[in-house]
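Numbers here are sequence positions counted from 1.
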Amino acid sequence: ILGLQDSASPLMEQLIFFHDHALLILVMITVLVGYLMFMLFFNNYVNRFLLHGQLIEMIWTILPAIILLFIALPSLRLLYLLDEINEPSVTLKKIGHQWYWSYEYSDFNNIEFDSYMIPTGQLSTDGFRLLNVDNRIVLPMNSQIRILVTAADVIHSWTIPALGVKVDGTPGRLNQTNFFINRPGLFYGQCSEICGANHSFKPIVIESVPVNYFIKWI
């Protein structure tokens, strides 16, 4: 599959926009440089006395700097957007273990559960191999969600591509991020830190539901 997953949060939308913006600039540079290199093969003009050309040297020094500004400024804006923590409606704590995740809903009487990957032999016909879990995370849509991530043994990484979230879980440290899910559905992710032999068997499944369904589930 080429391209990124369809976004399910405003942050992922901004990440996709920035990806397309940077890719457009990259394509323009590649086409220009490729054209110049190609035309060198057909250039018959020779100047034996040309030692320097100050104008062209100024152009090819200043122009890349301006192009880099067009990439750096949106990138910095996005970096600050990703770090912005708004007033959360729900706080979810995640603890990485070898080889499963533990979750705590500390706002709701400390609901806790572990989430293991379902073995291939026990999968239902509509399940995804190496991605389905026995206990999904249920979260309300159209609500600000705060995520606290840590680990019990080695460094893990809690990653959901459709939400634009990737947070490292480090032993002895509590990392924080937030996201806003703007549509219902199932969103899959995996541990994206090389935390050992079975790190790819630590899937994550978020079930996004309307707020009233979430309250009933709680």
(request) Report yes or no: do Met117 and Ile137 belong to one cluster of Ile/Leu/Val/Met/Phe/Trp/Tyr joined by side chain heavy-atom distances under 4.5 Å? (result) no
(request) Nearest 0.5 Å please: distance from the CZ atom of Arg77 over to the CZ atom of Phe18. (result) 10.5 Å
(request) Check whether any side-chain heavy atom of Asp114 lies under 4.5 Å from a side-chain heavy atom of Asn135, and answer yes or no. (result) no
(request) Kindly compute the distance separating CD (Glu13) from OG (Ser7), expressed to the nearest 0.5 Å. (result) 4.0 Å
(request) Mind listing the closest non-hydrogen atom pair of Gln5 and Ala162 along with its distance? (result) OE1-CB, 3.5 Å
(message) A quick test of your reading: do over 12 heavy atoms of other residues, nucleotides or ligands sit less than 6.0 Å from OH of Tyr105?
(response) yes
(request) Examine Val167 and Ile155 and state if one hydrophobic cluster contains both, with Ile, Leu, Val, Met, Phe, Trp and Tyr joined whenever side-chain heavy atoms are less than 4.5 Å apart. (result) no
(request) Take Arg146 and Leu92 through the test side chain to side chain contact (heavy atoms under 4.5 Å, CB included) and record every step on the way to the result. (result) CA-CA 6 Å; Arg146 178 170 57 185; Leu92 180 63; over 6 Å; no
(request) Please check if atom CZ in Phe70 has more than 12 non-hydrogen atoms from other residues, nucleotides or ligands closer than 6.0 Å. (result) no
(message) Side-chain heavy atoms nearer than 4.5 Å, only ILVMFWY residues, links allowed to pass through others: does that put Val31 and Phe41 together?
(response) no
(message) Could you check whether any side-chain heavy atom of Asn182 comes within less than 4.5 Å of a side-chain heavy atom of Pro10, counting everything from C-beta outward?
(response) yes
(message) Tell me whether the count of non-hydrogen atoms from other residues, nucleotides or ligands lying under 6.0 Å of CE in Met58 goes above 12.
(response) no
(message) Can you confirm whether Ile194 is buried at CD1, in the sense that more than 12 heavy atoms of other residues, nucleotides or ligands lie under 6.0 Å from that atom?
(response) no
(message) Can you confirm whether Ile29 sits close enough to Ile67 that some side-chain heavy atom of one is under 4.5 Å from a side-chain heavy atom of the other?
(response) yes
(message) A side-chain contact here means heavy atoms from C-beta on lying under 4.5 Å apart; do Met12 and Val165 qualify?
(response) no
(request) Inspect the surroundings of CG in Asn109 and state if more than 12 heavy atoms from other residues, nucleotides or ligands are less than 6.0 Å away. (result) no
(request) Check whether any side-chain heavy atom of Leu82 sits under 4.5 Å from a side-chain heavy atom of Phe179, and report yes or no. (result) no
(message) Keeping Ser75 on the side-chain end and Ile71 on the backbone end, is there a donor-acceptor pair under 3.5 Å?
(response) no
(request) Assess the side chains of Asp168 and Ser157: does a donor N or O sit below 3.5 Å from an acceptor N or O? (result) yes
(request) Report yes if the side chains of His21 and Pro74 come closer than 4.5 Å at any heavy-atom pair, otherwise no. (result) yes
(request) Determine whether His19 and Leu15 make a side-chain contact, defined as any pair of heavy atoms from C-beta on separated by less than 4.5 Å. (result) no
(request) Heavy atoms only: give me the nearest Ser89-Asp107 pair and the separation to one decimal. (result) O-OD2, 4.2 Å
(request) Supply the atom-to-atom distance Ile59 CD1 to Glu57 CD, rounded to the nearest 0.5 angstrom. (result) 10.5 Å
(request) Please answer whether the main-chain N or O of Met39 pairs with a side-chain N or O of Asn43 as donor and acceptor at a distance below 3.5 Å. (result) no
(request) Identify the heavy atoms of Tyr188 and Leu131 that sit nearest to each other, and give their distance. (result) CD2-O, 3.6 Å
(message) Testing the basics here: between His156 and Cys195, what is the closest heavy-atom pair and its distance to 0.1 Å?
(response) ND1-SG, 3.2 Å
(request) Would you name the heavy atoms of Gly189 and Pro161 that are closest together and state the gap between them? (result) CA-CD, 4.1 Å
(request) Ignoring hydrogens and angles, tell me if any N or O in the side chain of Asp134 forms a donor-acceptor pair with the backbone of Tyr116 under 3.5 Å. (result) yes
(request) Hey, could you give me the CZ/CZ distance between Phe214 and Phe108, rounded to the nearest 0.5 Å? (result) 4.0 Å
(request) Is it possible for you to say whether Ile218 and Ile206 belong to one hydrophobic cluster, with membership spreading through side-chain heavy-atom contacts below 4.5 Å? (result) yes
(message) Do Ser102 and His97 have side chains that approach each other closer than 4.5 Å (heavy atoms only, starting at C-beta)?
(response) yes
(message) Quick check with a 6.0 Å cut-off and a 45 degree axis cone: is Lys94 positioned over the face of Trp101's six-membered ring?
(response) no
(message) Looking at Arg129, I want to see if its CZ is surrounded by more than 12 non-hydrogen atoms of other residues, nucleotides or ligands under 6.0 Å.
(response) no
(request) Give me the one residue out of Ile204, Val205, Ile181 that meets side chain to side chain contact (heavy atoms under 4.5 Å, CB included) with Phe187. (result) Ile181
(message) Please find the pair of heavy atoms, one from Tyr103 and one from Ser115, that lie closest to each other, and give the distance.
(response) CE1-CB, 3.5 Å
(message) Is there a side chain to side chain contact (heavy atoms under 4.5 Å, CB included) between Glu207 and Val209? Walk through the geometry before answering.
(response) CA-CA 6 Å; Glu207 185 176 350; Val209 296; 4.0 Å; yes
(request) Might you work through the side chain to side chain contact (heavy atoms under 4.5 Å, CB included) test for Glu104 and Ile111, ending with a clear yes or no? (result) CA-CA 6 Å; Glu104 298 178 8; Ile111 297 172; over 6 Å; no
(request) Count the heavy atoms of every other residue, nucleotide or ligand shown that sit under 6.0 Å from CZ of Phe128, and state whether that count exceeds 12. (result) no
(request) Any chance you could measure Phe180, atom CZ, to Ile145, atom CD1, to the nearest 0.5 Å? (result) 9.0 Å
(request) Using distance alone, with no hydrogens and no angle criterion, decide if Ser192 and Thr159 have a side-chain donor and acceptor under 3.5 Å apart. (result) yes
(request) Take Leu148 and Thr91, measure what side chain to side chain contact (heavy atoms under 4.5 Å, CB included) needs, and give me the verdict at the end. (result) CA-CA 7 Å; Leu148 303 175; Thr91 297; 3.9 Å; yes
(message) Using 0.5 Å steps for rounding, measure from the CG atom of Leu78 to the CZ atom of Phe17.
(response) 11.5 Å
